[in-house]
Amino acid sequence: MPQIPGTDLTVSDLCLGGNVFGWTADEATSFALLDRFGDATPSTRAPFVDTAESYGKGRSEEILGAWMADRGMRDRVVVATKASPLEKEHPLSAAEIRTAAEGSLRRLQTDRIDLYYAHYDDETTPLEETLRAFDELVQAGKVRYAAASNYSGERLTEALETSERLGVTRYVALQPHYNLMERPAYEDELRDVVAARGMGVLPYFALARGFLTGKYRPGEAVDSPRAKGAARYVGEKGDRVLSALAEVADAHGVTGAAVALRWLADQPTVVAPIASGRSVEQLADLLPMQDLVLTDDERQALTDASA
């Protein structure tokens with residue numbers, strides 16, 4: 001079962017991205033998405049949901065908090081959120097982290113955050129100050145574990161060494177940009193650091209901004225706020241990857257999106273990929289990844305196609 005290393009957080013194979021809550025999915029649709037996701041998660045695992053204070057300027061957290069309160073789900077769900085830059089001059093200063101955490105706790109209607117990320121590195125604030133602030137939240141019971149997102153390999157190493165030197169809470173997980181279309185940045189720079197330090201990885205944009213769903217093709221217009229971002233992948237490599245995904249998907253009777261997520265979940269160091277849908281139908285296309293078992297040959301074919 002997926003477990004974030006160094007923690008007692010046993011989570012679902014898929015982490016549901018809450019970036020759509022209050023953006024492309026209104027509150028009623030977001031509740032329906034969360035209901036479907038909760039129902040699809042085995043009872044031995046916790047539905048894992050990822051949000052941030054910057055998503056909808058707090059609206060995503062508000063919707064997730066309202067849903068957990070209404071459904072009585074707080075003790076079952078693993079909640080990840082982030083201290084985000086927004087308009088802050090020093091986003092990871094001690095004062096900003098404390099303020100951000102209190103705001104998130106209020107919007108989420110909870111007394112603790114299971115996994116709390118530094119959303120982006122902040123080179124204007126000493127790492128010592130940032131890490132002590134996260135440690136204070138952990139010691140106070142307001143945060144269970146701290147994590148990093150969008151850190152370079154060098155800065156991640158520095159942060160881990162700093163926490164060891166100070167004897168404070170260290171980052172247990174990393175959230176990087178990683179998928180079949182975006183491999184080198186993670187595999188060449190970050191993977192060795194993460195593996196050596198025993199961290200877990202929760203990749204975002206796991207479906208390459210929706211490109212890996214297969215709906216983006218040359219000359220076809222797609223009604224999606226992510227269409228422009230996904231369009232960058234249209235081309236020879238994209239065609240090669242989509243063809244490989246389709247072949248494996250047909251063999252298993254699932255969508256290419258589910259296969260793409262399973263490939264990512266099967267990569268060394270990855271705990272659970274993050275993906276979202278703006279409708280229950282879109283989410284239903286992703287959920288089979290939780291039970292999908294790829295053969296070594298199928299995984300290798302996808303790896304080769306995306307090289």
Side-chain angles (χ1 to χ4, degrees), residues 13-20 23-25 33 48 50-52 55 119-120 149-151 174-191 194 201-250 252 254-279 281-290 292 294 298-307:
D13 292 77
L14 176 67
C15 180
L16 182 63
N19 57 318
V20 297
W23 175 39
T24 55
L33 287 165
F48 190 14
D50 178 88
T51 184
Y55 296 166
H119 200 163
Y120 289 88
S149 179
N150 298 298
Y151 271 53
L174 175 71
Q175 187 172 135
H177 185 186
Y178 182 37
N179 57 59
L180 273 166
M181 299 301 296
E182 297 277 358
R183 292 175 51 193
Y186 175 71
E187 293 179 359
D188 296 348
E189 181 188 2
L190 290 159
R191 185 167 60 187
V194 167
V201 172
L202 300 313
Y204 69 85
F205 286 157
L207 292 173
R209 293 181 167 90
F211 175 78
L212 296 173
T213 63
K215 61 188 176 185
Y216 296 90
R217 298 284 184 174
E220 292 187 16
V222 178
D223 178 21
S224 170
R226 292 179 174 160
K228 186 176 179 180
R232 75 183 66 181
Y233 301 118
V234 173
E236 183 182 347
K237 178 182 175 181
D239 289 345
R240 197 167 62 239
V241 170
L242 292 181
S243 177
L245 284 172
E247 185 173 344
V248 176
D250 288 347
H252 291 272
V254 298
T255 62
V259 173
L261 292 171
R262 187 70 259 169
W263 177 89
L264 194 53
D266 288 348
Q267 296 309 298
T269 69
V270 172
V271 176
I274 303 167
S276 58
R278 53 178 171 161
S279 68
E281 291 74 22
Q282 285 187 358
L283 177 60
D285 285 343
L286 313 182
L287 292 173
M289 69 81 62
Q290 300 196 112
L292 183 59
L294 301 180
E298 288 170 336
R299 265 192 301 273
Q300 191 61 52
L302 293 165
T303 300
D304 292 345
S306 63

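All values below come from the heavy atoms of this structure, side chains included, with hydrogens, waters and symmetry mates left out.
- N19 has its side chain within reach of S276: a pair of non-hydrogen atoms, C-beta onward, lies under 4.5 Å apart.
- Counting only heavy atoms from C-beta outward, the side chains of L245 and W263 never approach each other to under 4.5 Å.
- Summarising the geometry of L242 relative to G214, their closest heavy-atom pair is CD2-CA, 4.0 Å, with the distance given to 0.1 Å.
- Take D250 and apply the salt bridge (Lys or Arg N to Asp or Glu O under 4.0 Å) test, not counting sequence neighbours, and it matches no residue.
- Proximity of Q175 to D50: side-chain heavy atoms (C-beta onward) are separated by under 4.5 Å at one or more points.
- In this structure, the side chain to side chain contact (heavy atoms under 4.5 Å, CB included) partners of A206, at least two apart in sequence or on a different chain, are L261, L264, P273.
- Partners of D285 by side chain to side chain contact (heavy atoms under 4.5 Å, CB included), not counting sequence neighbours, listed by chain and number: T255.
- Remark: R232 engages R209 in a side chain to side chain contact (heavy atoms under 4.5 Å, CB included) (not counting sequence neighbours).
- In this structure N179 satisfies the side chain to side chain donor-acceptor pair (under 3.5 Å) test with no other residue, sequence neighbours excluded.
- Qualifying side chain to side chain contact (heavy atoms under 4.5 Å, CB included) partners for T24, counting only residues two or more places apart in sequence or in other chains: V20, P225, R278.
- Judged as a side chain to side chain donor-acceptor pair (under 3.5 Å), and not counting sequence neighbours, D188 has no contacts.
- Residues passing the side chain to side chain donor-acceptor pair (under 3.5 Å) test with T51 are S60, sequence neighbours excluded.
- Of the possible donor and acceptor atoms, none in the side chain of R191 sits under 3.5 Å from a partner among the backbone N and O of T269.
- Between L207 and A260, the closest heavy-atom pair is CD2-CB, 4.0 Å.
- Between L190 and Y151, the closest heavy-atom pair is CD2-O, 3.5 Å.
- In terms of the ring pair (Phe, Tyr, Trp, His ring centres under 6.0 Å) criterion, F48 has no residue partners (sequence neighbours excluded).
- Under the rule for a salt bridge (Lys or Arg N to Asp or Glu O under 4.0 Å), the partners of R183 that lie at least two apart in sequence or sit in another chain are E187.
- Scored by the side chain to side chain donor-acceptor pair (under 3.5 Å) test, E182 finds Y233 as partners (sequence neighbours excluded).
- In this structure, Y178 and Y186 have tilted ring planes: the angle between them lies in the 30° to 60° band.
- Of all heavy-atom pairs spanning R262 and M289, the tightest one is NH1-O, 2.9 Å.
- Shown here are the ring pair (Phe, Tyr, Trp, His ring centres under 6.0 Å) partners of Y120, two or more places apart in sequence or in another chain: there are none.
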